[in-house]
Amino acid sequence: MKDIMIMNVKKIAFGAAVVFFANFSFAQTLQDGINSVDSDKFAQAKTNFTDMIAKAPTAENYFYLGNTFLRQGEPDFAKATESFNKGLAADGKSYLNKIGLAAVKLGKGDKAAVAEIQKIVSDSREKDAEVLFRAAEALTLFEKNNSPDLAIQFLNKAIERAQKKEVPANYYYTLGDAYRLKKIPGDAMTAYDKALPLAKNKASVYTRMGTLWMAAQQWKLAKENIDKAVGVDATYAPAYKALAAYDIKYQQNEKATQDLINYTKYADEDPYTQLEISKLYFTNEDYANSKMVLDKIFDKIDDPIKFKLRAYQSYAEGKYAEAKQNMDSFVSQADKSRVQPADQGLQGLIAAGLAKDEKDAAKKTALTTEAQQKIAMAKAAKDETMKWDMELAKIAGGGASQGSADAGPTNPTIEGLKQKVAANAQDTDSLFKLATAYQDAKNWNGAILTWQKMSTLLPDWAPAYYSLGYSYQQAANNDAAKIAYEKFISTVKPADTEANKQTLAYAYFAVAYMSKDSDLAKAKDYVAKSVQLDPTYQDAVKLNGEINK
């Protein structure tokens with residue numbers, strides 16, 4: 001009897017050990033998948049979760065696979081939905097998969113999904129920290145469709161539930177992400193600070209801190225934190241993506257290209273990650289690499305987003321008919337909720353490009369009207385994907401290249417300042433002096449190029465647009481000059497009107513003068529404003545009298 005009892009004890013002990021090690025192995029595998037998603041290794045994560053499903057087709061495993069498709073750079077709603085539905089087939093009560101399906105709706109722009117997520121959490125009786133966390137995550141995933149207040153509420157409860165064991169770092173940094181959406185950077189940084197000691201990979205938290213400082217335009221602190229991320233884990237891909245954004249901001253194109261090479265090296269070959277890389281190359285104005293990456297994956301991606309990126313590439317190359325064809329393919333195939341104001345703005349720019357060379361007067365007018373209407377939609381939505389006015393100026397023939405600037409007049413002052421700017425692209429003082437030196441030398445292409453760089457670095461500094469308009473005007477590009485002068489007018493703050501009265505008066509007069517033959521109503525409106533600002537400005541007074549006879 002004693003031997004039998006010992007044998008049974010051994011069996012029980014062995015069984016318990018099997019369960020323990022099985023759970024340990026599962027937890028490690030789950031964490032590996034979560035780490036892969038966080039590191040932008042989406043192909044690796046998908047393989048990880050697919051293997052888990054093969055071993056144990058549980059509702060939870062299907063959820064984590066589906067959630068990976070939502071977390072990638074460009075969500076794949078169809079594959080995510082397929083996985084969540086399989087999870088519900090495995091367990092009809094699975095709160096995680098219900099949240100997943102609601103997240104798909106939210107990602108597509110259905111705001112009713114917020115209430116749906118709230119009900120799912122209520123039905124779960126808020127007992128499971130992971131359900132609370134994933135509900136909150138769903139409410140923070142999509143930049144334009146979210147509910148940060150509710151997410152914060154759920155995350156605080158998830159943290160409270162998890163404190164009985166150990167709070168995962170991602171609970172805190174997702175709380176930080178929610179505060180970012182609410183534009184409360186102080187609370188966001190506090191949440192990241194709490195995540196830092198808990199995080200196994202601190203690069204994840206430092207990268208978030210860096211991008212938060214970038215959003216606040218605190219560039220020195222941004223760079224310090226991103227450098228810390230690379231310092232603790234030189235293989236953490238998202239840190240290089242953040243570094244690329246930093247270098248693109250300061251027009252350090254060569255450095256940004258190296259950042260993207262590193263991002264490519266440490267992320268993985270998932271087609272959607274490569275699509276994100278292609279977009280980043282495009283933002284860096286590295287159109288050749290952007291096209292090379294997209295060509296490599298074009299046939300591997302079902303998502304119509306590929307047509308939109310190709311449209312941007314074609315537009316950048318001045319291939320407006322090709323750009324229109326690709327944009328039409330995107331709009332016709334994509335869910336309507338995915339057509340953004342920026343897409344309408346791009347359609348407007350493409351129409352402006354087509355109008356430029358259109359010989360048929362009626363078609364030219366129709367294209368010009370379409371361009372104005374669609375760009376106005378992007379502006380009304382306050383979309384800043386592209387500098388709409390400046391892009392119109394380029395289409396009008398205002399684009400200046402470094403080659404054309406170098407071929408123009410120069411002097412030792414210009415050459416010395418060019419070297420300073422080459423050494424530090426964000427040196428706005430040297431850029432200002434270089435632009436002025438170009439103007440003094442009557443090198444208008446050089447002035448245009450440099451004032452454009454100034455407006456990129458200081459988008460709210462109105463004088464750059466005025467000087468850009470003047471340079472375009474001297475280069476006999478009146479269409480581009482009008483656009484730059486109007487940008488100057490719209491950028492001057494009401495409080496600064498008095499100090500800029502004379503330059504505003506000239507800008508209004510210049511636009512009026514250049515519009516009098518094509519848009520008389522606008523010319524009358526603008527010249528009246530010019531006279532109102534400066535009644536002694538004789539050119540404006542004279543023009544006002546001539547067009548109001």
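Computed from heavy atoms alone, side chains included, the values below leave out hydrogens, waters and symmetry copies.
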(request) Return the set of residues passing side chain to side chain donor-acceptor pair (under 3.5 Å) with D429 (not counting sequence neighbours), or none when no residue passes. (result) K433
(message) Can you tell me which residue among L221, D193, I226 is in a side-chain contact (heavy atoms from CB on, under 4.5 Å) with M209?
(response) D193
(request) Before accepting this row, confirm whether a basic side-chain N of the pair D519/K482 lies closer than 4.0 Å to the acidic partner's carboxylate O. (result) no
(request) Only counting residues at least two apart or in another chain, list the ones meeting side chain to side chain donor-acceptor pair (under 3.5 Å) with N443. (result) none
(request) Examine distances only and state if a side-chain atom of K359 and a backbone atom of D357 form a donor-acceptor pair shorter than 3.5 Å. (result) yes
(message) Taking the basic N atoms (NZ, or NE/NH1/NH2) and the acidic carboxylate oxygens, is any pair closer than 4.0 Å for E74 and K306?
(response) no
(request) Could you check if a side-chain atom of N326 sits within less than 4.5 angstrom of a side-chain atom of S314, using non-hydrogen atoms only? (result) yes
(message) Set out, in order, the CA-CA distance, both residues' side-chain angles and the distance that settles side chain to side chain contact (heavy atoms under 4.5 Å, CB included) for D335 and F77, then state yes or no.
(response) CA-CA 10 Å; D335 189 283; F77 295 122; over 6 Å; no
(request) Check step by step if side chain to side chain donor-acceptor pair (under 3.5 Å) holds for Y526 and E486. (result) CA-CA 10 Å; Y526 273 52; E486 290 200 74; 2.8 Å; yes
(request) With sequence neighbours left out, write down each residue that passes ring-ring contact (aromatic ring centres under 6.0 Å, His included) with Y173, or none if nothing qualifies. (result) none
(message) Determine whether the aromatic ring centres of residues F307 and F298 are separated by less than 6.0 angstrom.
(response) yes
(message) With a 4.5 Å cut-off on side-chain heavy atoms, are Y485 and Q473 touching?
(response) yes
(message) Quick check with a 6.0 Å cut-off and a 45 degree axis cone: is K291 positioned over the face of Y287's six-membered ring?
(response) no
(message) Under 4.0 Å between a side-chain nitrogen and a carboxylate oxygen: does that hold for D406 and K418?
(response) yes
(request) Please say whether more than 12 non-hydrogen atoms of neighbouring residues, nucleotides or ligands are located less than 6.0 Å from CD in Q532. (result) no
(request) Answer yes or no: does atom CZ of F282 have more than 12 heavy-atom neighbours from other residues, nucleotides or ligands under 6.0 Å? (result) yes
(message) Is it true that, when you exclude Y470 itself, more than 12 heavy atoms of the residues, nucleotides or ligands shown sit nearer than 6.0 Å to its OH?
(response) no
(request) Examine K249 relative to Y246 and say whether NZ or CZ is less than 6.0 Å from the centre of the six-membered ring and inside a 45° cone about the ring axis. (result) no
(message) Around atom CD of E358, are there more than 12 heavy atoms from other residues, nucleotides or ligands closer than 6.0 Å?
(response) yes
(request) Specify whether W451 and F432 have parallel, tilted or perpendicular ring planes, treating 30° as the upper limit for parallel and 60° as the lower limit for perpendicular. (result) perpendicular
(message) Check this for me: does any side-chain nitrogen of one of K255 and D259 sit under 4.0 Å from a carboxylate oxygen of the other?
(response) no
(request) May I ask you to test the K182-I152 pair for a side-chain heavy-atom distance under 4.5 Å? (result) yes
(message) Taking the six-membered ring of Y513 as reference, does the cationic atom of K516 (NZ for Lys, CZ for Arg) lie under 6.0 Å from its centre and within 45° of its axis?
(response) yes
(message) Any carboxylate oxygen within less than 4.0 angstrom of a Lys/Arg side-chain nitrogen, looking at K220 and E224?
(response) yes
